Amino acid sequence: MESDIENRPTAQAKGLLPIDIERIKADFPILDQKIGDHQLVYLDNAASTQKPRVVINAILEFYRKYNANIHRGLHYLSEKATAMYEHTREHTASFIGGVQPKEVIFTGGTTGAINLVAYTWGEENISEGDEIVISEMEHHANLVPWVILAKKKNAVLKRIPVTPDGYLDLTNIDTIITQKTKLLAVTHMSNVLGTINPVEALAKKAHAVGAVVLIDGAQAAPHMPIDVKAIDADFYCLSAHKMLGPTGVGVLYGKAELLDAMPPFNLGGEMIREVRFDKVTWADLPNKFEGGTPNIADVVAFDSALHYLEELGMDNIRQHEMDLTAYTLDQLSAIPGLEIQGPRNSNQRGGAISFTDSDIHPHDISTFLDSKGIAIRAGHHCAQPLMKIMGKVATARASLYIYNNEQDVDALVKALGEMRRYFGL
Amino acid sequence: MESDIENRPTAQAKGLLPIDIERIKADFPILDQKIGDHQLVYLDNAASTQKPRVVINAILEFYRKYNANIHRGLHYLSEKATAMYEHTREHTASFIGGVQPKEVIFTGGTTGAINLVAYTWGEENISEGDEIVISEMEHHANLVPWVILAKKKNAVLKRIPVTPDGYLDLTNIDTIITQKTKLLAVTHMSNVLGTINPVEALAKKAHAVGAVVLIDGAQAAPHMPIDVKAIDADFYCLSAHKMLGPTGVGVLYGKAELLDAMPPFNLGGEMIREVRFDKVTWADLPNKFEGGTPNIADVVAFDSALHYLEELGMDNIRQHEMDLTAYTLDQLSAIPGLEIQGPRNSNQRGGAISFTDSDIHPHDISTFLDSKGIAIRAGHHCAQPLMKIMGKVATARASLYIYNNEQDVDALVKALGEMRRYFGL
Amino acid sequence: MSGSLDDMYRDIILDHYKAPRGKKPIEEANIASDGHNPACGDELELKVSVDGSTVRDVHINCKGCAISVASSSMLAEQIKGKPLEEVKGLAEQVRKMLKGENVQLPEDTDDLDALKGVRNFPVRIKCALLAWVTLLEGIKTFEKGTGESKTINLEETD
Amino acid sequence: MSGSLDDMYRDIILDHYKAPRGKKPIEEANIASDGHNPACGDELELKVSVDGSTVRDVHINCKGCAISVASSSMLAEQIKGKPLEEVKGLAEQVRKMLKGENVQLPEDTDDLDALKGVRNFPVRIKCALLAWVTLLEGIKTFEKGTGESKTINLEETD
Ligand SMILES: Cc1ncc(COP(=O)(O)O)c(C=O)c1O
Ligand SMILES: Cc1ncc(COP(=O)(O)O)c(C=O)c1O
């Protein structure tokens, strides 16, 4: 699976074989280590995933052979670097469903992508009395920008409730999405509950009232095939670091006509056409939104992450995670004192599994598991309002990815069993 | 010069020896390559610098051993990654003159840093009739945000002119910086002319009228010792990729009392204290300005870049570049038809040297030099207004760094000689 | 993991965690202060009755992790019956200790030494701090005589 | 470098660059169009006089790099005396050729083939394009009869 970053295919290779987890594990150098006396079991993938050798090597190779600033450089390195950077844009465009490359804007992450929309589209299109619809299961990244924008503009923030079993409650959706709705901003997959939301149906409802639809794909894009055109998303946001790519790279997909009409963001070099002291005209898409020197090396390396995912096949990845999620839910259910959040049907959820213990605080759970080499996350997962609604101060969350297998889950389950003894319960 | 990223000193090691360029060149894998038949001569350092092995290896090592999302992770990898990320913050704070770590905000680059100030401090503090003072030699990154802000707020953009020999013209400075001045935003070193500006004196003048001072240090920080406290800068901005560090990392230094009073930017996870659907309270510095998952690996590797620079010693680096700049100016002056821009005194300038040929367009110069393996940049260098003032449509720019020596300059000079013959002049 | 698990969860800590002291409500209190750590979700309610210049009784109710609960429980145990000045000094000492300074705790407060283990778990230090800064805030308000203490919001105070 | 230097700077290109055709001002023009490439700073002034439906005379003044100057000069040489329809077709063909499409240029326009070398230097393609898109814009305005052409700003048109 090593690939020469100079000659990379754009076409989506569809993996056909069942996923061989042992072979995959071997592609991730970090997994081959001990934490204290214990083999590392990495189950914090919803926070950030590990990187396969091809991605690490792509960064290495870029800095060793091709590094230069991009755009308009007339020398070999700059031309190479520019071509590689733009290649990732094309690849990303194809990965998310075959959009135009100029509709793919590179940002620092999902947070950066959503903020870009809030500061530009939001600033210009949200006025007093307008309604912004979010859900109760949003990550702060898709919540705080809208809370603040609504406050600033005297707009109304409305929310789609969450049912006790972790689904969006669509009972009253027609009173939530109304003629006043200007924006629907909702997550494709919850980072706390794992729930996969019916974004296609929601987008349809929102479009029917003329609203714009932003989908937070930070958790979905790594784990299932994404087709932004099928969803009919106006904006779709994702983070490279959650899908095998480097930190510091995010993607904002936006429909060209929307992006074209928006004012630029992050003003500076390369995003202008002409600058005078009294007037500035903007460059065309995508440059208009990529002022300054971008995170070139990491964008280039992100290409290798997409390639790796495609070689496995996003359908296969989804299947593997459904199977492993079902297994995990099953195993965790058998542990006394444990309460699991979110849907029980692995068809309708991803592998981010939140749970609590009736007696042990999530932070103690996490620290205890860490002593066994098991990395999970504990806390509010940047979803404080959802925590409150769930009646929890925090949860422990194990989240799965392509390199996890049943043994990893078994290690978790075994440690959770020991934990209650350790704390004298 | 290999360093273990786990146990890195924060203290500034001062290099004492004269700089051994051959040894330095050997630290940069990319320099050891041929472009066609010619050895690469990299003279595009003002656009972006190359990376020493220690920096590349730090990225590698991070992803191989420590990668995880930072902040509040209760497992080994996350604690390690957090400690490393924060270590770079401390190191940066010490590198720029010993400020408080919480005054160091990581951004995507200088452009991101300046925009952060424009969107937050600028938004709140600039009103109708206020004056923003910039210079005529600003990079678009320190120009476009203020042009747009001035327009939006009906504020006045005033500029410090540039003399024909490339210095700031301070003759009428007291009519430019006035009681109405709210912000002075000026570059420490010009990316076109190489000029080092008297930022200390300018800051004093600006502070005397109660204005805030932002210094664009993108070109200065890589090449000379920086002491933001001696300058008394309120904000100081720099880019890691121009100082041996990875792409995608920038720094905004800001005085704590200013940063504390500013609204946050890039809203999302980790920059909040508490989120409700109707209200958000912000985290303390520096988190308030670092919403979302930052560019963790590259921030961690930036530490190695700072360390490398410190081992050489910023004073030594400055001395080497002064010497080599003097030599370059001397050699270029002897070429018929060539016109050099900017100060002639290498004490008052850095090693970004712009020039034009009386007959050959800068783009043709650059393409020709590239055919000899020599990388320079040609164009407006994101300083269109300065170009107009200089009466040029573009310039060719050779820019030096620590791994350049007289042979590199000789190769440039020899190629420029051949060029006129090639174009039949 | 930066420290060993048993460094943090010492027997004394687990003992306090499983049977926290100071749970019993008290009749009247001169000091009332609430603590909150939004990052963790920990919440703490503290009431102290002061007799002259001596702490007569303490009620502390902490919803949080083992560390914050144990630290609260130790606080309740330690301050009861002590002069307010001594209590203040002790709280300051504990705060310094948790922040990594080398402090010498008073002789009769050996239990508190167990909190030192938390220092190897940077993210958990705030958990141990919560009770003590909440107490200090309460005393401050009491001494100023200005009535109600503001809720301690941990990020603001550390 | 993606191509060899001589691929781009062919003799014909350098010949046009050193002695650009169409420099001579013309008396009256039915077509007047300006081109500008802000990224490069290239500026171009184009005037064409049309007699019936045939190009009678051309004036082109290009301040720019060797490629944009040579491309302008070739344009001047090629279109003089040709029917406007043919000129339009040719300009479209050149545009396609520069964008990498496989086109068959008319027989008597061999010189233009030399511009193909630019395709290996992506950043320079716009330099070669400038004259031709400026011409197309001028013809469009002429045909609409709406008077002055807008200035071509290269980034908008490609
Ligand atoms: C003086 C100056 N300011 C700002 C910038 C912008 O830096 P970046 O592209 O890293 O954001 C540059 C880089 O070209 C520069 O030279
Ligand atoms: C659903 C969701 N949205 C947004 C984000 C923010 O992503 P990032 O931190 O990469 O900007 C996350 C990451 O935690 C997430 O899970």
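Residue numbers begin at 1 in each chain, while the letters A, B, ... track the order of the sequences. Not measured: the values here are computed from a predicted model. Note: hydrogens, waters and symmetry copies are ignored here, and every other heavy atom, side chains too, is used.
The contact between Asp6(D) and chain B is made by backbone and side chain atoms together, counting heavy-atom distances below 4.5 Å.
Proximity of the aromatic rings of Tyr9(D) and Phe368(B) is defined here by a centroid distance below 6.0 angstrom, and this criterion is not met.
Looking at every heavy atom in both residues, Ala394(B) comes nearest to Cys40(D) through CB-O, 4.1 Å. Here the closest non-hydrogen pair linking His363(B) and Arg124(D) is O-NH1, 3.2 Å. Pairing each heavy atom of Gly41(D) with each of Val393(B), the nearest pair is O-CG1, 3.5 Å.
By the neighbour-count criterion of 12 heavy atoms within 6.0 Å, atom CG of Asp359(B) is densely surrounded, having more than that number from other residues, nucleotides or ligands. The 12-atom threshold is not exceeded at CG of Asp11(D), counting heavy atoms of other residues, nucleotides or ligands nearer than 6.0 Å.
Contact residues of residues 16-25 of chain D toward chain B are Tyr17(D), Lys18(D) (heavy-atom distance under 4.5 Å). Contact annotation for residues 64-84 of chain D against chain B (heavy-atom separation below 4.5 Å, listed by residue number): Gly64(D), Cys65(D), Ala66(D), Ile67(D).
The distance from atom CG of Leu5(D) to atom OH of Tyr422(B), rounded to the nearest 0.5 Å, is 4.0 Å.
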